[in-house]
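We name chains A, B, ... by the order of the sequence lines, and we start the count at 1 in each one.
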Amino acid sequence: MRLSKGFFPTVKEVPSDAVIPSHQLMIRAGLMRQLAAGVFSFLPVGYAVMKKVMQIIREEMDAIGGQEFHLPALNPIELWEETDRVKAFGDIMFHVKNRAMVLAPTHEEVITSIAKNHVKSYKEMPQIWYQIQTKFRNEPRPKSGVLRGRQFTMKDSYSMDSSWQGLDKSYDLHAEAYKRIYTRCGLTFHIVGASSGAMGGSGSQEFMVESNAGEDNLAVCTETGYAANVEIASSLVPNAERFAVSEPIQEVHTPNCKSIDEVATYLKMPTNRCAKSLIFMNDKQPVLVLMLGNDQLNESKLQSVFGQDIRPAQADELLQLTGADAGSIGPVGVENKFTVVADLRLENANGLISGANKNDYHILNLDLQRDVKVQSYHDFRMVEEGEPTADGKGTLRIVKGIEVGHIFKLGTKYSVAMKANFLDEQGKENPVIMGSYGIGVERIVACHIEQHHDEFGIKWQKSIAPYDVHLICVNMNSDTVKKKSEELYAELRSRGIAVLFDDRADASAGFKFKDADLLGMPLHVIVGEKNLKNNEIELKDRNSNKRWTVSVDAIVGEVVKFVKE
RNA sequence: CGGGAAGUAGCUCAGCCCGGCUAGAGCGCUUGGUUUGGGACCAAGAAGUCGCAGGUUCGAAUCCUGUCUUCCCGACCA
């Protein structure tokens, strides 16, 4: 493509709305333009990259036996009522106003409806069905360009198996395919254990790109290879002590002591003798959660025990239920009102300090075996930077990550809800065992730029670059330079190389170089008078920014070698 | 949904506090000329309902009210 003829709307200024590098560069290099919050138009260069990424995805999905579908984004709302997900998605799902339809945020229901009608026997499984399609989600706050949008492209696939072992196999095939996809797209990533959230199911992993622009926090350890979303991460931290003698319970005045630190300082006790009480509402049932000292409660872990609907109690509810405000709440004397649960670090501990359910009073010598009926102990704790890994062999680092893929073992949640059953070898009816696997296509593009750019622009890796080579004719007004450039353009194209040719007569050399750096093709071929006099042409590797010259005779071979290797 | 910021030419912004000639700059764009190895130069030119609606005023980009949009922080996020 000739730059003089094509649509390459590059901009010099940093767009005022864009904050992160990938967003700025996707606008500046003319990959896309914003139409509304979280909604983007992809322009030819941007779409060229999208197509490359989608092609890699298709190849790897096909390689594990995937079959490509194209499912409707417009769905009847009744379909979503079958699985009760109209409610589960709530305001996230777009509803069509003038017909009882919704815009699909994902496709489990459509897939399951097809499976229900057509997959009737164990002999017909396993199946892997996938599509690359536009998804719609009414995100409350779109942000970071394409990273959190209201309309985006997703590769979603679904596996159907007749056994749980089969599901494991389909899941593992996807995990391996995903590793190949991200690697081929030039991304370095973590695979982390994740919470399956409202998707349900028995297990899930996320593919995460480490980036300050990320919205998720990950606990990773380079020594042991441990990596988990902090939503589920655990670490090795000692439990609270159990003393041989359990002193009698005692109420003490603790004026103006709200936080654990204030209480501990006032009472001259270490914070790890304090049991912090947090109140949640599980529907109408209040739940009191005990945490040790300054440990932060991990609400995802709480949800995995009590379900998605549990929420923090409001201040007026606290007062009404306990007679005290936050900071003075404790587990003693409220057992008949509350379900009391505690973090594992507090298991059977004694000699603890807790709130007395009376403002400005705390209780000493609390014994969780003696004084409180703790219904159960769970890991509720948020891990922190620098803690040892659960096996004690490494140290956790907390980093931010962008989720570029998520794989779930769904199990039978959808097949049971929608009665997608099959007959097994014994002629017995069973629900299909499913998995669901997603990849955000735009996120791959944005993450690639986050990982491959400099102050001047993008540095496309060869696998997904929109063009292989950026050919720059430094001066179109010089006949020799122009002639050589045109020859090269024709010759390289005849060798099957995708060439972007800067043949603009009215742009200065500097202007062309800046545009080339911004657009970021892997190899720049620079034809100018200076080098042509010595029968040479200059090359620049955009990744390393190294330049070198090659004789005119050898240039085509050199370029072909660079592109193909 | 809570908190903050911003909407003025295609882009980046000034002007607004303290109302007053014909609303500005740089970049980009058009025409002509000179340039051509790191976002050139000269000359001429086109380009705006100052987000929208209402109000105050002799007079509003500027003050007031409402509203829409966008961005940032938080909440939320299968």
Listed by chain and number, what are the salt bridge (Lys or Arg N to Asp or Glu O under 4.0 Å) partners of A/D517, not counting sequence neighbours?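 A/D517 satisfies salt bridge (Lys or Arg N to Asp or Glu O under 4.0 Å) with A/K540, A/R542 once adjacent residues are dropped.
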For A/G528 and for A/M154, find the nucleotide of RNA chain B with the closest heavy atom, then tell me which residue's nucleotide is more 5'.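 Result of the comparison: A/G528.
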Between A/G145 and A/K530, just flag the one whose closest nucleotide in RNA chain B comes earlier from the 5' side.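 Residue closer to the 5' terminus by nearest nucleotide: A/K530.
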In whole angstrom, give me the gap between the [atom1] atoms of [N] and [M].
N: B/C71; M: B/C29; atom1: P; answer: 28 Å
N: B/U69; M: B/C58; atom1: P; answer: 35 Å
N: B/G2; M: B/G19; atom1: P; answer: 33 Å
N: B/A6; M: B/G51; atom1: P; answer: 13 Å
N: B/C1; M: B/A25; atom1: P; answer: 42 Å
N: B/U8; M: B/A14; atom1: C1'; answer: 10 Å
N: B/A40; M: B/G15; atom1: P; answer: 28 Å
N: B/G32; M: B/U70; atom1: C1'; answer: 41 Å

Which of the following nucleotides, [options], is nearest to the side chain of [X]?
X: A/A37; options: B/U70, B/A75, B/G39; result: B/U70
X: A/R141; options: B/G37, B/U70, B/C72; result: B/C72
X: A/L518; options: B/C73, B/C76, B/G39; result: B/G39
X: A/F511; options: B/C11, B/A40, B/G37; result: B/A40
X: A/Q34; options: B/C27, B/A75, B/U70; result: B/U70
X: A/E139; options: B/U70, B/C77, B/A40; result: B/C77
X: A/S16; options: B/G39, B/U12, B/G37; result: B/U12
X: A/F513; options: B/C71, B/G37, B/G39; result: B/G37
X: A/E538; options: B/G37, B/G39, B/C72; result: B/G37

Got a donor-acceptor contact below 3.5 angstrom from the A/H107 side chain to the A/Q133 backbone? no
Strand partner of [N], provided both Watson-Crick or wobble distances fall under 3.5 Å:
N: B/U65; answer: B/A53
N: B/A60; answer: none
N: B/C13; answer: B/G24
N: B/G32; answer: B/C42
N: B/A75; answer: none

Determine whether the side chains of A/E231 and A/N298 contain a donor N or O and an acceptor N or O closer than 3.5 Å.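 Distance-only check fails for A/E231 and A/N298.
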Could you tell me whether [X] and [Y] have a side-chain N and a carboxylate O separated by less than 4.0 Å?
X: A/E486; Y: A/K483; result: no
X: A/E139; Y: A/R150; result: no
X: A/K409; Y: A/D168; result: yes

Rounded to whole Å, how long is the line connecting atom CG of A/D506 with atom P of B/C41? 15 Å
Does the [N] base have a donor-acceptor partner in the side chain of [X] within less than 3.5 Å?
X: A/N475; N: B/G37; value: no
X: A/E13; N: B/G10; value: no
X: A/R148; N: B/C77; value: yes

